[in-house]
Amino acid sequence: MVENLFGRIMNQVCENPSSQRDVTLQPKRPALSWGVKIKRKLKSVAPFLGRFRPLVGQCCHQCTPESLGLKLLCNTPPLGFQNLTCVNETHTGVKKALVTACSSDETKAMELEMPEVRGHLDTILAVTQTFISPSLLRLVNWLLLKIFDLMFCNVQINLNQVAALRRSTQLKAPLVYVCVRQSSIDHALICLTLFCHNLRVPYTIFPAHVRQTWLRSILQRLGVVLLPEGSGSERDAEMDSLYSPVMTSASVMSALGFALSLLKGDHRGSVRIHFAQAFSLKEMCESGKCRVDGGRPLQDLLMTAIVHNRMDSIFSQKDVSWLLPDAVMPELPPAHRQQTIALTLHLIYSSTTNMAVMSTSLVSCLLLHKHRKGVRVSMLCRDICWLLEEVLFRNTDVGFGGSLVGLVHHAVSLLRPYLLLAAAPPTGEPIIAPRSDPDSLLILSKQCDVITRVFIHEAVGACAVSAMLSEVVGCGGGEDLEFDAVLGQNELTEKSLQLTHLLSPGYIPPCQNAHSFALDVVDSMVRCGVLVMEEVQTDAPVCDFMKRHGVLSWTVSDNPDESSDSDCEEPDIHTYKLSQPSQCPKLLFFLCSLLSVQLRALCWALESLHYLPLPITEKDCLSQLHTHLKNRAQLDGARYESSSIDLVKMALRTFIDLGVLIEDRQREDVYLDANPLFSQGAYKEKLVLFFKQFMFN
């Protein structure tokens, strides 16, 4: 009954916005009125600020300035969004799109530029040999469009990004697509998008060994590259010196297996495909501006701060060589290995920042991190307006627009299996709350990941503020947190830097060092209004005050480097306070909660290590640790979002980097054993307290 009431109210307002007053619930207190609360914001929700959408997915300005200067990605007002399911054959030039991945002209160019590969070109082309059938491609293209039309409300394509992709193809350089896999149909969607916009479609690798001759013939006519005849699996094919580079340069997809998985859904959702700006790999490698070879292990950065409370080592960069261990491609030269790691970091960061924020992410984030016990629909709409404005202020793209009521109705409809609906007496206004079962919380938490990345500066800063406020309590400030405390800039930066080192790749721009990121964190806390800078209160003028303390002292010297105006600079004595101590905790709680999911997983995983039969293989360690975290969440009765397999992988990687677990590579398996130092209760307790200080309780 409640669900029908909610749906009826939302549908009537969506269909006829002018009838808003007729369907508005009339509670006894106007303060709770649905219409009064959001009356001014019901007309429309702007998907961007100003005239243009934000340019997301631009390449790195430090590593590839020339690629950025080409301005391949630019805002063009006439170009908006296109629903891929509405495309028909009149919009596509099928014959133009049927182009193989390596034409004869490109082959000749490769022979001229790289004579050493001339002897291998014929063999490589034989491996990728396909027999394109235009008729079959038209049929499969038509079938995919019909299937996606049944499964999705729309498949939105940003035409500005497609135009940028078309400009990059005109540069006459090989184009490599790197896809971030989010579902089993991603590669089919991308290939169909390229096909429908007359862009060259890359080869598709089918990872299974196909023995049927007729099926191999059909797949090859669709442009699918199959495993060599002599190989029994994808892993065997990767050992082939010629097939391996072909496999690793294309995306893996199943040509037909995804169709059944599409038909299992009960709700028609929306899909949005993003294409980041292309950049020159040659420019990135030759510039040498992105270096990852000077990092120090996480153990060296943080253990002195955790165990001995010394901060002298936290200002270095973190080593990320684990992204490409020496055991993988050992013949790779060190310089090429470092370039590969740098490229990987850029691709990870670009893939996360290029995604648009969807309405389901806004609703999931508010329900999990602000209204976990439930919220009235009127208050949820008000908070969505606030959160949407904050997202847009951070130059982030969103994938929706229209009326606020329609936005909330659409998001709640998609998330309906994971939500609880109830009626609030006496008005009957719907109340929405997240379900408490593990599957619902894990799915809602997954939707929140993009919001956490948007607010990563503020989330790190809020956790650092929480840690400093906790120290005030530990130093005798009382049992409760004192929000009217003074926070030093250096201490706040150090706390932010410690937490920054714990973040996984993808949160920080690859070309920005951790210390610079921590300084930006402190600045962001002032910009968002959580902190306010305090002024130095002195009776004497600043010049007299600084002269008495020996700050202003001029010396006569013939060396211009020794006498400069830098002697007159004011010392760093900045301090901060919470801007509104009585109201600020609500915003502080929300920002801290964004990273509490990862921090809680670290605490639970560390407490569960002594249950593992060490030494143990990395695969078994991951499986058993995942089981322990699920049991821990079951005992806790909530917070199941901290027991996902992705967070277990993150925790395991963090423990290896911190030296809590020691890797021992034996033949094909990697064994993990406990560090004897952390077998002692004192060191383990210090590490647990280090994680917990950033979690606001």
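- Residues Y507 and Y349 come closest through the heavy atom pair O-CE1, 4.0 Å.
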Quiz prompt | Trace of the side-chain contact (heavy atoms from CB on, under 4.5 Å) decision for L192 with V155 | solution = CA-CA 11 Å; L192 181 63; V155 179; over 6 Å; no

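- Note that CG of L70 is 12.0 Å distant from CG of L73, once rounded to the nearest 0.5 Å.
- No side-chain heavy atom of V292 sits less than 4.5 Å from a side-chain heavy atom of Q339.
- We find the CD-CG distance between Q170 and L72 to be 9.5 Å, quoted to the nearest 0.5 Å.
- A donor-acceptor pair is defined here as one N or O able to donate and one able to accept, closer than 3.5 Å; such a pair exists between the side chain of R416 and the backbone of L419.
- A donor-acceptor pair shorter than 3.5 Å cannot be found between the side chains of E283 and T64.
- The 12-atom threshold is exceeded at CD of Q512, counting heavy atoms of other residues, nucleotides or ligands nearer than 6.0 Å.
- The closest side-chain heavy-atom distance from Q156 to V271 is not below 4.5 Å.
- Distance check, rounded to the nearest 0.5 Å: CG of D646 to CG of D449 gives 8.0 Å.
- Remark: I157 CD1 to L189 CG distance equals 7.5 Å, nearest 0.5 Å.
- No side-chain donor-acceptor contact under 3.5 Å links Q447 to the backbone of L362.
- For NZ of K446, the number of neighbouring non-hydrogen atoms (other residues, nucleotides, ligands) closer than 6.0 Å is 12 at most.
- Heavy-atom minimum distance, G57 versus N354: CA-OD1, 3.4 Å.
- For S359, the side-chain hydrogen bond (donor to acceptor under 3.5 Å, both in side chains) criterion is met by no residue, not counting sequence neighbours.
- Closest approach of A356 and V450 over heavy atoms only: O-CG2, 4.5 Å.
- Residues L444 and E641 have side chains not in contact (no heavy-atom distance under 4.5 Å, counting atoms from C-beta outward).
- Counting only distance, with no hydrogens or angles, the side chain of S168 and the backbone of A278 share no donor-acceptor pair below 3.5 Å.
- Look at R272 and D397 and you find a salt bridge, because one of the NZ, NE, NH1 or NH2 atoms lies within 4.0 Å of a carboxylate O, short of that distance.
- No hydrogens or angles considered: a donor-acceptor pair under 3.5 Å links the side chains of T85 and N83.
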Exercise. Walk me through it: do H369 and L594 pass the test side-chain contact (heavy atoms from CB on, under 4.5 Å)?
Key: CA-CA 7 Å; H369 299 295; L594 295 178; 3.7 Å; yes

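- With hydrogens and angles disregarded, a donor-acceptor distance shorter than 3.5 Å links the side chain of S351 to the backbone of I348.
- Between the side chain of S350 and the backbone N or O of H346, no donor-acceptor pair lies under 3.5 Å.
- Here the closest non-hydrogen pair linking P434 and L367 is CG-O, 3.9 Å.
- Taking both residues in full, the closest heavy atoms of L414 and Y418 are given as O-CE1, 4.3 Å, listed atom of the first, atom of the second, then distance.
- Of the options S445, S593, C448, a side chain to side chain contact (heavy atoms under 4.5 Å, CB included) to C365 is made by C448 and by none of the others.
- For R453, the salt bridge (Lys or Arg N to Asp or Glu O under 4.0 Å) test picks out no residue, with sequence neighbours left out.
- F275 is linked by a ring-ring contact (aromatic ring centres under 6.0 Å, His included) to nothing, counting only residues two or more places apart in sequence or in another chain.
- Of the N and O atoms on the side chains of R221 and S217, at least one donor lies less than 3.5 Å from an acceptor on the other residue.
- Counting only distance, with no hydrogens or angles, the side chain of R200 and the backbone of L175 share no donor-acceptor pair below 3.5 Å.
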Exercise. Decide side-chain contact (heavy atoms from CB on, under 4.5 Å) for Q338 and R291; before the verdict, give the C-alpha distance in whole Å, the side-chain angles of both, and the deciding distance to 0.1 Å.
Key: CA-CA 7 Å; Q338 298 299 327; R291 303 184 61 87; over 6 Å; no

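- Taken to the nearest 0.5 Å, the CE atom of M284 stands 10.5 Å off from the OG atom of S67.
- Of the N and O atoms on the side chains of N158 and Q82, not one donor lies less than 3.5 Å from an acceptor on the other residue.
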Quiz item: Given the rule in the side-chain contact (heavy atoms from CB on, under 4.5 Å) test, do T360 and H410 qualify, once you have shown the distances and angles that lead to the verdict?
Solution: CA-CA 8 Å; T360 51; H410 179 70; 5.8 Å; no

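- Within the model, atoms CD1 of I451 and CE of M358 stand 11.0 Å from one another, a figure rounded to the nearest 0.5 Å.
- Between V521 and E458 the shortest side-chain heavy-atom distance does not fall below 4.5 Å.
- A salt bridge is absent between E389 and R394: the closest approach of a Lys/Arg side-chain nitrogen to an acidic carboxylate oxygen does not fall below 4.0 angstrom.
- Residues C63 and C511 have side chains in contact (heavy-atom distance under 4.5 Å, counting atoms from C-beta outward).
- Considering only heavy atoms from C-beta on, T353 stays 4.5 Å or farther from V56 through its side chain.
- Looking at L55 and N160, their side chains never come closer than 4.5 Å, going by heavy atoms from C-beta outward.
- Remark: side-chain polar atoms of S361 are not paired, donor with acceptor, to backbone N or O of V357 under 3.5 angstrom.
- The environment of R166 atom CZ is dense: over 12 non-hydrogen atoms of other residues, nucleotides or ligands sit within 6.0 angstrom.
- Inter-residue side-chain proximity for L387 and F455 is flagged as met; some heavy-atom pair is nearer than 4.5 Å.
- Taking the six-membered ring for Trp and the full ring otherwise, H457 and F517 have centroids separated by under 6.0 Å.
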